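These numbers come from a predicted model, not from an experiment.
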Amino acid sequence: MPELPEVEVIKRELAPALAGRSFRGVTLIWPRTVQIPAAEDFSRRLIGQSITGLDRRGKYLIFRLSTGEALIFHLRMSGSLLLKAASQEPDPHARATFLLDDGKELHFCDRRKLARIWLVADETTVVGRLGPEPLEPGFTAQDLAQQLGKRSAPIKAVLCDQHFLAGVGNMYADEALFAAGIHPLRRANSLCWEEVVRLHGAVRQVLEQAIASWGASISDYRRPGGELGAAQFAFQVAHRGGEPCPKCSTPIQRIPIRGRGTYFCPRCQK
DNA sequence: ACCACAACCTGGCCGC
DNA sequence: TGCGGCCAGGTTGTGG
C-alpha cells in the first residue's frame, strides 16, 4: 500500500522522465477515477500542457504544470503509476492513460478503484489540510510532543491521521511504534518526553530506510518501471503476525485499532 | 475540537 | 471444484 516512502520513490523515479514533457493525449478508461474536474473538462484542460516538475505532499503526488495548475494523484490502497513505451497494451486495472510528447505513456492503474486524480488551479484545495511533513527539518520532537498532548486517541490512530502528520499509514506506524518501543494502544497524550523523542526519531528512520529500499511491495505497489520495492523485507512487525519478535522472540500480535490491522510485540512495546 | 463508524472498491482467501 | 461471504485499509462524510 503506497504510503510516504512509496510515493517518494515514484516521484524520484518519474521526475527525470517527465520533466519538460507535455501531454499529447488522455484516455479515461474508468472516468470516476478523476475526482475534479468533470471528465470532459479533464482531457481538454490537460492536453497541450507541459510538466514543469514533480512534488510530493504526504501520500499525494503532484505534477506542476505550465499554466500553474496541478495534476494530483492519490494511489490509496492499490494504485500505481507505470511508465510504458509507446503503444504498450494497458493492463486490466489501468483506469487512465496519459500519452506524452516523447511517445511514452503513463498508465494510472488501480485494482480496487479507490485511487483518485485531481486537476486543480489551487493545490491547497486538495492537500491544504494535511499535517506536517515528517521528513522536513521543521518537524521537531517539540512540535510532536505539543500536538500529541492534545490527542487522547490511541497513538497508532493518531500517527495514521493525515491531518496530524502527512504520509504515515498503517505499515509505517506499526514499524515506528515498534522501533520506539511504544504500545500502539497507548493514548497519544500519555507519552512521556523520552518516548516522544524516540518516536520522532523512529518515524523518520523508518521512512528514510523504506525510501532507500524503493518502498514496500506488500500488495500492489510497483515502481514506475514495474519493479518491486524491497522495504517489506526489513519490516520488524508489520504484516508479520505470529512470527517471533526480532528482539525477544515473543510472537508478534495482531489486533484491530480503528478497524485497521495492527502488528506489535506485546513484550517490547509498553 | 475530537472521536467513531460506514461507505467506497476488488480480488484473495476461508469454510462448507 | 465451486460458491458465498469476509477481509484488506486511506479517505471522506456523517453523527455524537
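Among the atoms of the strands shown, none is found under 4.0 Å from any heavy atom of A/Phe164. Counting any heavy atom pair closer than 4.0 Å across all strands shown, A/Ser152 reaches sugar-phosphate atoms only and no base atom.
Geometrically, A/Lys247 engages A/Phe178 in a cation-pi contact, judged by NZ or CZ lying under 6.0 Å from the ring centre and within 45° of the ring axis.
The nearest whole Å value for the distance from the CG atom in A/Leu130 to the C1' atom in C/dT12 is 13 Å. Straight-line distance from the CG atom of A/Asp161 to the P atom of B/dC2: 9 Å, rounded to whole Å. Straight-line distance from the CG atom of A/Leu165 to the P atom of C/dG10: 14 Å, rounded to whole Å. One can place NZ of A/Lys156 at 16 Å from P of B/dC3, the figure rounded to the nearest angstrom. One atom, CZ of A/Arg76, and another, P of B/dT10, lie 14 Å apart when rounded to the nearest Å. Straight-line distance from the CD1 atom of A/Ile155 to the P atom of B/dC3: 11 Å, rounded to whole Å. In this structure, the CD1 atom of A/Ile218 is 16 Å from the C1' atom of C/dG10, given to the nearest Å. One atom, CG of A/Leu75, and another, P of C/dG9, lie 17 Å apart when rounded to the nearest Å.
Of the side-chain N and O atoms in A/Gln162, one or more sit less than 4.0 angstrom from OP1 or OP2 of C/dT11. Distances shorter than 4.0 Å separate some side-chain N or O of A/Lys59 from OP1 or OP2 on C/dT11.
Both A/Tyr60 and A/Ile36 are assigned to one and the same hydrophobic cluster, defined by single-linkage of ILVMFWY side chains at heavy-atom distances under 4.5 Å.
Of the candidate nucleotides B/dT10, B/dC2, C/dG10, B/dC2 has the atom lying nearest to any side-chain atom of A/Lys150. Listed nucleotides B/dT10, C/dT12, B/dC3 differ in distance to A/His93; the shortest reach to its side chain belongs to B/dT10.
Toward the 5′ end of DNA chain C lies the nearest nucleotide of A/Leu114, the other residue of the pair A/Leu114 and A/Tyr60 mapping further downstream. Each of A/Arg260 and A/Pro154 has a nearest nucleotide on DNA chain B; the 5'-most of these lies closest to A/Pro154.
A donor-acceptor pair under 3.5 Å is formed between the side chain of A/Gln269 and the backbone N or O of A/Cys265.
Taking CD from A/Glu175 and CD from A/Gln205, the interatomic distance works out to 9.5 Å, rounded to the nearest 0.5 Å. Of the inter-residue distances, the one linking A/Glu3 atom CD with A/Asn170 atom CG reads 7.0 Å to the nearest 0.5 angstrom. Distance check, rounded to the nearest 0.5 Å: NZ of A/Lys59 to CZ of A/Arg76 gives 9.5 Å.
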Between protein and nucleic acid, restricted to nucleotides 13-15 of chain B and to nitrogen or oxygen atoms under 3.5 Å apart, what atom pairs and distances do you find?
none

I'd like a table of atom pairs between the protein and nucleotides 4-8 of chain C - only N or O on both sides, under 3.5 Å - with the distance next to each one.
from, atom 1, to, atom 2, distance (Å)
C/dA8, OP1, A/Arg254, NH1, 3.2
C/dA8, OP1, A/Arg254, NH2, 2.3
C/dA8, N1, A/Arg112, NH2, 3.4
C/dA8, N3, A/Arg112, NH1, 3.3
C/dA8, N3, A/Arg112, NH2, 3.4

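The minimum heavy-atom distance linking A/Arg187 with A/Ser190 is given by the pair O-OG, 2.7 Å. The two residues A/Ala216 and A/Tyr172 make their nearest non-hydrogen contact at CB-OH, 3.5 Å.
Listed by first and then second residue, the side-chain hydrogen bond (donor to acceptor under 3.5 Å, both in side chains) pairs that reach into residues 105-124 of chain A are A/Gln35-A/Arg116, A/Arg64-A/Glu123, A/Ser78-A/Asp110, A/Glu105-A/His107, A/Arg111-A/Asp220, A/Asp122-A/Thr124, sequence neighbours excluded.
Looking at A/Ile47 and A/Phe42, their side chains never come closer than 4.5 Å, going by heavy atoms from C-beta outward.
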